[in-house]
There are 2 protein chains.
Amino acid sequence: MLSKKTKYGLKALTYMAKKGDGKTPILIAEIAEQENISKKFLEMILLQLKNTGFLGSKKGKGGGYYLLKEPKDITVAALMRVLEGPIAMLPCVSLNFYEKCDDCKTEEECSLNRVMVEVRDNTLRVLENKTLADLTN
Amino acid sequence: MLSKKTKYGLKALTYMAKKGDGKTPILIAEIAEQENISKKFLEMILLQLKNTGFLGSKKGKGGGYYLLKEPKDITVAALMRVLEGPIAMLPCVSLNFYEKCDDCKTEEECSLNRVMVEVRDNTLRVLENKTLADLTN
DNA sequence: CCTTTAGTCTACTAATTCGATAGAGTATTA
DNA sequence: TAATACTCTATCGAATTAGTAGACTAAAGG
C-alpha cells in the first residue's frame, strides 16, 4: 500500500497540473484545502518535491509552488520513486533500489525472484507510461 | 515492499511444496535452517497459515507441518492476502480489503483511482495465476 | 508412565516508520 | 516595514515490524 505521503504528493501535483499554467505559483494552503490534506504535512511533501527537481517555488506575496516540467513529462513512476521508494515488491528485484537478499544464496535459486520480476514489469508498464497529464482527465 | 513475514511465509511454503509429499509433516526447524529464517519468527508465521486453513500440523515426535491442499491449488495471491493484507496500492481499489478514502469526495473524481485499478489488475493477473507449484520450478 | 519431541500461545521488546504539528527563520512584495 | 508564504528543525504519539522468551500442551515411544 502507498503511504499517505505518496498519495498526497500525487494528488497535489495532479491538482497543480490541472490548475496551473506552469509558471503562476500555487499556494500550499489552496492545494491542502482543495485536496483535504493537512497543510503542514503537505508543506513537507512539496518541499521534498522541490528538492528533487519536480517543483520550483517563490516566497512572499504571490508566491507558491509551480511545476518545473510539463505534466506530460512527469511520470507517476518517477514521483513514486521519490516519495515512496522502491516500486518492486522485493529489494532484489528493484531496478532503482536494488539490494541483495541476505536469506537467499543466489537469485537464481530464489523461488520468489522470478514471480516478483514479472509483477514489477507489469506494474512498471503502467506507471512508467502514466503521466500527470493522464491523471488530470 | 513485502514484509519479511510474507516473504518468509512464501518461501517456507514453497520449500514444503518442493520437499513434502503432502502428508508427511515437515519440521519448523528444518524449514527455518534451509531457508535462513529465524525459527521463532517462522513458528508464528506457520501458525497463522495453519489458522487460515493452508496448513495442518502434528505435535510430538514425527510431527511438523504439512500442506492441506495441493501446491497447484494454492495461489500466491491468496497467501499474500493472508500474510500481507491488501495487494492493491490504495484501500479504495482493493477487492478484498476495500475502504473508502476519507480525503476524496467521490472515487470518480479521484485522479489516482483509475491508475491504481489498472496497476491492481495487472498485478493480480500475475499473482492469481501463480501457484506454489509454479514456484518450485 | 515418563521422557522427549515439537507445535501452541501469550507477552514483551527494540527499532523504525508514519502522519502530523509547532514554531522560528528567511525571502519577497507592496 | 508589514504582510505574505515558503523553509527548516525539532518533536510527537501511535502503529508496525522483526524478533525473542518462556511456559504450556499434545503425541510418540521406550
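Naming: A, B, ... by sequence-line order, numbering from 1 per chain.
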Candidates [options] - which lies nearest the side chain of [X]:
X     : options                : value
A:L27 : C:dT28, C:dT21, D:dC6  : D:dC6
A:F41 : C:dT21, D:dA18, D:dA27 : C:dT21
A:E43 : D:dT4, C:dA20, C:dG23  : C:dG23

Connected via hydrophobic side-chain network under 4.5 Å: B:Y66 and B:I31: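 Each belongs to a different hydrophobic cluster.
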
Is [X] close enough to [N] that one of its side-chain N or O atoms is under 4.0 Å from OP1 or OP2 there?
X     : N      : value
B:K59 : D:dC24 : no
A:K39 : C:dA20 : no
B:S38 : D:dT20 : yes

Does A:E118 pair with B:K130 as a salt bridge, N-O distance under 4.0 Å? yes

Regarding B:T131 and B:K72, do their side chains bring together a donor and an acceptor under 3.5 Å, going by distance alone?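 There is no such pair between these side chains.
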
Indicate, with a heavy-atom threshold strictly under 4.0 Å, whether B:K40 touches base, sugar-phosphate, or nothing.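 Since a base atom lies under 4.0 Å of B:K40, the category is base.
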
For a quick check of understanding: with a heavy-atom distance under 4.0 Å over all strands, which category does A:L46 fall into, base, sugar-phosphate or nothing?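 Contact class for A:L46: none.
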
Here's a test of your reading of the structure: between A:T6 and B:G63, which maps to the more 5' nucleotide of DNA chain C?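 With A:T6 and B:G63 compared, the 5'-side residue is B:G63.
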
For A:Y8 and B:K61, find the nucleotide of DNA chain C closest to each by heavy atoms; which residue's nucleotide sits nearer the 5' end?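 First, find each residue's nearest nucleotide; the 5'-ward one identifies B:K61.
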
Please report the shortest heavy-atom distance between A:L67 and A:A17, naming the atom on each side.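 Closest approach of A:L67 to A:A17, heavy atoms only: CD1-CA, 3.8 Å.
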
